[in-house]
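To keep things clear, I will list the structure first and then write my remarks on it.
In what follows, chains carry the letters A, B, and so on, assigned in the order in which the sequence lines appear, proteins first and then strands, with residues in each chain numbered from 1. Predicted, not measured: the structure shown is a model, and the values here were computed from it.
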Protein chains: 2
Amino acid sequence: MQNDTCFEQSVHQDRVEKALLEAVTPDQMDRLVRIFKLLSEPTRLKIVLALNSVEMCVCDLAAYLGASQSSVSHQLCNLHNFGLVCRRREGQTVYYSLGDEHVSQLLAIGMAHAQEV
Amino acid sequence: MQNDTCFEQSVHQDRVEKALLEAVTPDQMDRLVRIFKLLSEPTRLKIVLALNSVEMCVCDLAAYLGASQSSVSHQLCNLHNFGLVCRRREGQTVYYSLGDEHVSQLLAIGMAHAQEV
DNA sequence: TGAACATATGAACATATATTCATATATCGA
DNA sequence: TCGATATATGAATATATGTTCATATGTTCA
């Protein structure tokens with residue numbers, strides 16, 4: 001549904017057009033949404049925060065979180081699919097760590113905002 | 001449920017304890033989750049991105065998004081409750097803008113990561 | 001004060017998704 | 001190869017939440 005209560009006159013066309021011009025592509029939007037969504041769920045965010053401190057295997061994370069192995073593995077899969085975490089196998093164990101420096105930057109800035117609210 | 005498939009031996013206690021020591025408080029976790037959750041939904045993210053370019057009123061945003069006034073107003077309320085956007089009233093019109101510089105920083109870093117994936 | 005317009009909001013529904021359960025895959029050691 | 005252990009994954013369910021609908025609130029102007 002469109003502007004149900006807004007009349008045309010009340011819309012500032014210049015502002016709308018400016019926003020439209022500077023809008024990111026749908027593709028970029030999807031990726032941006034996906035990044036923030038991955039960080040917006042307690043289990044996944046705790047995983048990412050923990051990996052920001054120390055490399056851990058699936059069982060370590062399950063113990064740390066008090067969560068099931070399956071749940072942790074599912075979420076690690078989600079995080080890995082989008083490059084937020086890396087993994088390396090060592091025998092039967094798979095160790096996870098943060099994917100790139102952008103992730104810890106996002107955490108740092110998020111924390112900064114969280115503290116001052 | 002806890003570690004269903006993980007045996008005690010497979011857990012690196014030192015790593016788990018390090019993560020536990022450096023863990024943020026539940027309160028901080030809640031706030032951090034909330035920030036990322038607010039940015040993780042297409043309508044809200046588009047709003048925030050648009051406000052990063054130009055101050056807009058509710059009807060501007062509804063027109064820009066092709067969304068209903070009600071939906072936009074609900075989401076602006078969510079964003080405002082957590083300080084991600086500011087508002088100022090001018091007559092019947094309420095103008096919204098970004099809340100603080102952390103928000104645009106998060107967007108910038110998120111975009112940087114989105115582009116290289 | 002009353003009409004018109006911009007915005008806000010409560011309740012209900014529809015959809016997305018996190019967890020669980022069951023099981024599959026992968027690696028190591030004997 | 002077989003048993004044990006660590007991890008991965010498909011399907012189902014339960015929960016969270018975004019949108020809609022209806023309506024309330026707030027502001028201006030005549």
Salt-bridge criterion met for A:Lys18 and A:Asp14 (N-O under 4.0 Å): no
Main-chain N/O of B:Ser104 paired with B:Asn52 side-chain donor or acceptor, under 3.5 Å: no
Minimum-distance nucleotide to B:Cys57 side chain [options: D:dT20, D:dT7, C:dT7]: C:dT7
OP1 or OP2 of D:dA8 under 4.0 Å from side-chain N/O of A:Tyr96: yes
Trace of the salt bridge (charged side-chain N to carboxylate O under 4.0 Å, His left out) decision for B:Asp27 with B:Arg31: CA-CA 6 Å; B:Asp27 222 56; B:Arg31 287 200 285 264; 3.0 Å; yes
Nucleic acid contacts of residues 37-44 of chain A, taken as heavy-atom distances under 4.0 Å to DNA chain D: none
Distance test, side-chain N/O of B:Gln75 to OP1/OP2 of D:dT19, below 4.0 Å: yes
Proximal nucleotide (of C:dT7, D:dA6, D:dT9) relative to the A:Thr93 side chain: D:dA6
Rounded distance (nearest 0.5 Å) linking atom SG of B:Cys57 with atom CZ of B:Arg89: 11.5 Å
Distance-only donor-acceptor test, A:His74 side-chain atoms vs C:dT20 base atoms, 3.5 Å: yes
Under-3.5 Å donor-acceptor pair between A:Ser68 side chain and C:dC21 base: no
Watson-Crick or G-U counterpart of D:dC29, or none if no pair lies under 3.5 Å: C:dG2
Residue matched to D:dC2 through Watson-Crick or wobble contacts both under 3.5 angstrom: C:dG29
D:dT7 phosphate, OP1 or OP2, under 4.0 Å from A:Arg87 side-chain N/O: no
Short side-chain N/O contact to D:dA6 OP1/OP2 from B:Ser10, under 4.0 Å: yes
Beyond-backbone contact of B:Arg15 with A:Tyr95, side-chain heavy atoms, under 4.5 angstrom: yes
Nucleotides 23-30 of chain C: protein proximity per nucleotide (B base, S sugar-phosphate only, - neither; heavy atom, under 4.0 Å): ----BS--
Any N/O donor-acceptor pair, A:Ser70 side-chain to D:dT9 base, under 3.5 Å: yes
